[in-house]
Each structure stands twice: as C-alpha cells, then as structure tokens.
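Side-chain atoms are counted along with the backbone in the values below, which use heavy atoms only and exclude waters and symmetry mates. None of these values were measured; they are calculated from a predicted model.
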Amino acid sequence: MNIFSFQQKKEQQEKITMITCYDYTSAKLLSTTTTDCLLVGDSVAMTMHGFKDTIAATMVMMQMHTAAVARGATNKFIVTDLPFLSYRKSLSKSVTAAQQLMQAGANALKLEGVMGNEVLIKHLSSSGIPIMGHLGLTPQFIHHLGGFKVQGKTEESVKRLKEEALALQAAGCFAIVLECVPAQVAKAITQLLAIPTIGIGAGPETDGQVLVIQDLLGLNPDFKPRFVKAFTNGHEQLKAGIDAYLQSVKSGEFPQHEHSF
Ligand code: KIV
C-alpha cells in the first residue's frame with residue numbers, strides 16, 4: 001500500500017480498511033491480516049495509557065508506539081498522528097515533530113483540522129511526507145467542541161466541513177478521516193473530493209473505514225458508542241484464557257514435565 005493505492009482504491013470503488021495499532025504484538029497480528037493500513041492514533045493516550053482524552057498524547061508516546069508498530073508490521077502502511085499542539089508552535093517545530101515520527105517508522109502523518117495548517121501541510125507534503133487530514137469530530141478540539149459530539153448537524157456546519165475538506169485536498173492531503181458526522185454529510189463530502197475519505201461514525205458511504213482495535217475486538221465492553229461494532233467478544237475470550245491458566249496453576253495441572261527443564 002502507498003498513497004497511490006489509496007487513490008486507486010477510491011477510483012475502483014474498493015473499500016480502504018484502516019485499524020488503529022499501538023504495540024508490537026498487535027502489529028505482528030495485524031501484519032498477517034489484509035488491512036490496508038495501520039493508524040498509530042493519538043487515541044493511544046486513552047486506549048493504552050488510560051487518559052480520558054487525546055490531549056494527553058505526547059511526542060514521546062507517539063514516537064515510542066510508532067517504532068513498536070513499525071517493528072511488528074514491516075509489511076503495512078503506517079499512519080501516525082501528530083499529537084496535540086505538536087504542529088501548532090511554529091513551522092520549524094512542526095517539521096521537527098514530523099521528522100521524528102517519520103524516523104520512528106511512520107509512512108504518513110495525520111493531523112486534525114484545517115485553519116492554520118494549510119502552509120504546514122503543503123510544506124510537509126512537498127518535503128516527502130504524505131499527510132492525512134481529519135475533520136468532523138476532531139478529538140484534539142474537544143474543549144472547543146464542548147465534548148465528543150456529532151459534527152455537521154446544521155446547514156452552516158455542513159458548508160464549513162465541505163470547504164474544509166476541499167481546502168485539505170488543495171493543500172495536498174492524500175486522504176481525509178471523517179469522524180462522527182451524519183452519513184449523508186460524509187457521502188456528500190466523499191462525492192465532492194477526488195481524494196479518498198475514511199470514516200469512523202460517518203456511515204457506510206465513505207471510501208474506507210477505520211476502527212480502534214480494542215473496540216472492534218470487544219476488549220472494552222463498557223465502551224459502546226453507536227458507531228462501534230465489536231466483531232468478537234475479546235474481553236470474555238481473553239479472560240477465559242487467563243482464568244484457565246490461574247485455575248491450572250492452583251490445581252497443580254500446570255506446569256507439567258514437558259514444561260520443565
Ligand atoms: O486517534 C485515533 O484513533 C483516530 C481515529 C479515531 C481516526 O484518530
């Protein structure tokens with residue numbers, strides 16, 4: 001997969017698949033699947049570090065998790081999030097942040113929003129760094145948005161979203177994530193753009209879909225937003241495996257001679 005394959009998939013109406021990934025073991029597992037790409041999302045702050053939002057993600061976190069994923073999934077296209085404010089201080093500091101994430105093993109970077117990012121996107125894409133945009137519910141803006149809320153519910157905000165999507169395309173983004181926008185809005189933006197859209201909570205008519213790995217595996221049964229589908233009951237299955245180990249240690253069934261030296 002490369003940025004041309006994203007474009008080709010849109011043109012051939014073949015769905016793009018993206019899954020978040022934060023660690024070596026999951027990356028090894030995902031490297032054996034057909035997923036088109038992996039996202040080292042700043043959701044890592046929540047899923048792997050237990051923070052309540054993505055504001056807590058840092059460059060140190062993003063570099064370390066990107067490097068682990070790159071070691072585990074050498075055959076996959078890896079997109080990494082530029083974390084909160086890492087691309088808002090100055091062009092020079094943003095370029096340094098981008099360089100560090102690319103050198104950690106990313107193949108492309110994702111950043112949220114448009115206003116004030118156009119020059120940076122142009123600069124990074126013309127410096128060899130493919131950029132994925134992110135519109136709609138942009139979690140780095142939750143304090144501005146008033147929480148994790150569906151976006152694009154008024155005529156005015158739909159107009160703004162369309163203008164923002166076109167601006168990201170013009171700046172050089174190779175794809176755009178649309179998060180938590182009504183399905184009809186996502187469909188209209190997808191039809192408006194030449195570059196592909198990848199949806200999460202954005203209905204079925206985007207060019208691709210992304211989900212957080214813990215959510216699709218059902219590892220967090222208490223977290224059930226409408227847009228998530230658990231494709232397996234990972235929490236119960238893993239717990240059953242752990243319970244079986246504990247039980248067999250207590251009963252003396254494990255270890256046996258074949259497990260001993
Ligand atoms: O950080 C993340 O996991 C994301 C996805 C929800 C698109 O940005």
_Closer than 3.5 angstrom, by distance alone: can the side chain of Ser251 be matched with the main-chain N or O of Ser248 as a donor-acceptor pair?_
yes
*Test side chain to side chain contact (heavy atoms under 4.5 Å, CB included) on Ile195 and Gln7 and set out the steps.*
CA-CA 6 Å; Ile195 57 171; Gln7 192 59 42; 3.9 Å; yes
*side chain to side chain contact (heavy atoms under 4.5 Å, CB included) between Gln169 and Leu166: does it pass, once the steps are laid out?*
CA-CA 5 Å; Gln169 175 172 275; Leu166 287 170; 4.2 Å; yes
*State the CG-CE distance between Leu38 and Met1, to the nearest 0.5 angstrom.*
11.0 Å
*Report yes or no: does Ser157 contribute a side-chain atom to a donor-acceptor pair with the main-chain N or O of Thr154 at less than 3.5 Å?*
yes
*To the nearest 0.5 Å, tell me how far Ile189 CD1 sits from Ile176 CD1.*
8.0 Å
*Rounded distance [0.5 Å steps], OG1 in Thr47 versus CD in Gln214*: 4.5 Å
*Can Met59 be reached from Val69 by stepping across I, L, V, M, F, W or Y side chains whose heavy atoms are under 4.5 Å apart?*
yes
*Are any of the side-chain heavy atoms of Val158 and Lys162 separated by less than 4.5 Å?*
yes
*Quick one: CG on Leu217 to NE2 on His235, what's the gap to the nearest 0.5 Å?*
13.0 Å
*asked:* Using the side-chain contact (heavy atoms from CB on, under 4.5 Å) definition, which of the options Val210, Val181, Thr206 pairs with Ile200?
replied: Val210
_Out of the candidates Thr54, Asp42, Asp53, only one should pair with Pro139 under the side-chain contact (heavy atoms from CB on, under 4.5 Å) rule; please name it._
Thr54
Please report, to 0.1 Å, the donor-acceptor pairs under 3.5 Å made by any side chain of residues 97-115, with sequence neighbours excluded.
unit_1: Asn107; atom_1: OD1; unit_2: Ile78; atom_2: N; d: 2.7
unit_1: Lys110; atom_1: NZ; unit_2: Asp81; atom_2: OD1; d: 2.8
unit_1: Lys110; atom_1: NZ; unit_2: Asp81; atom_2: OD2; d: 3.4
unit_1: Lys110; atom_1: NZ; unit_2: His134; atom_2: ND1; d: 2.7
unit_1: Glu112; atom_1: OE1; unit_2: Gln140; atom_2: N; d: 2.8

*Any chance CD of Glu155 has more than 12 other-residue heavy atoms, nucleotides or ligands included, within less than 6.0 Å?*
no
*With a 4.5 Å limit on heavy-atom distance, are the side chains of Met18 and Asp36 in contact?*
no
_Looking at Gly116, is its backbone amide N or carbonyl O close enough to the side chain of Glu118 to form a donor-acceptor pair, meaning the two atoms are under 3.5 Å apart?_
yes
*Evaluation steps, side chain to side chain contact (heavy atoms under 4.5 Å, CB included), between Phe6 and Cys37*: CA-CA 10 Å; Phe6 280 85; Cys37 62; 3.8 Å; yes
*Val95 and Ser92: CA distance, side-chain angles, deciding distance, side chain to side chain contact (heavy atoms under 4.5 Å, CB included) verdict*: CA-CA 5 Å; Val95 172; Ser92 162; 5.9 Å; no
*Does Tyr24 share a hydrophobic cluster with Ile213, counting links as ILVMFWY side-chain heavy atoms below 4.5 Å and allowing steps through other members?*
no
_Glu14 side, atom CD; Ile16 side, atom CD1 - distance, nearest 0.5 Å_ = 9.0 Å
*Would one find more than 12 heavy atoms of other residues, nucleotides or ligands at under 6.0 Å from atom NZ of Lys15?*
yes
*Specify whether Phe254 and His259 have parallel, tilted or perpendicular ring planes, treating 30° as the upper limit for parallel and 60° as the lower limit for perpendicular.*
tilted
*Determine whether Phe4 and Met132 fall in the same hydrophobic cluster, where Ile, Leu, Val, Met, Phe, Trp and Tyr are linked whenever their side-chain heavy atoms lie under 4.5 Å apart.*
yes
*From CG (Asp207) to CD (Gln12), nearest 0.5 Å*: 12.5 Å
*Got Glu205 and Thr190 here, is their nearest side-chain heavy-atom distance under 4.5 Å?*
no
*Looking at Ser125 and Ala171, what are the two nearest heavy atoms and their distance?*
OG-O, 3.8 Å
_Any donor-acceptor pair under 3.5 Å from Ser260 side chain to Gln256 backbone_ = yes
*Report yes if some heavy atom in the side chain of Leu30 is under 4.5 Å from a heavy atom in the side chain of Lys76; otherwise report no.*
no
_Heavy-atom pair with the smallest gap, counting every atom of Gln237 and Asn233_ = NE2-OD1, 2.8 Å
_Lys149 side chain near Gln151 side chain, heavy-atom distance below 4.5 Å_ = yes
*Less than 4.5 Å apart, any side-chain heavy atom of Phe148 and any of Ile142?*
yes
*Can you check whether Gly203's main-chain N or O pairs, donor with acceptor, with Gln209's side chain at less than 3.5 Å?*
yes
*Do Phe84 and Leu145 sit in the same hydrophobic cluster, where Ile, Leu, Val, Met, Phe, Trp and Tyr count as joined when their side-chain heavy atoms come under 4.5 Å apart?*
no
_Validation row: Tyr22, Val212 side chains within 4.5 angstrom (heavy atoms)_ = yes
*Going only through I, L, V, M, F, W and Y residues with side-chain contacts under 4.5 Å, is there a path from Val119 to Ile129?*
no
*asked:* Quick check: do Leu137 and Val150 have side-chain heavy atoms less than 4.5 Å from each other?
replied: no
_Other residues, nucleotides, ligands: >12 heavy atoms within 6.0 Å of Tyr245 OH_ = no
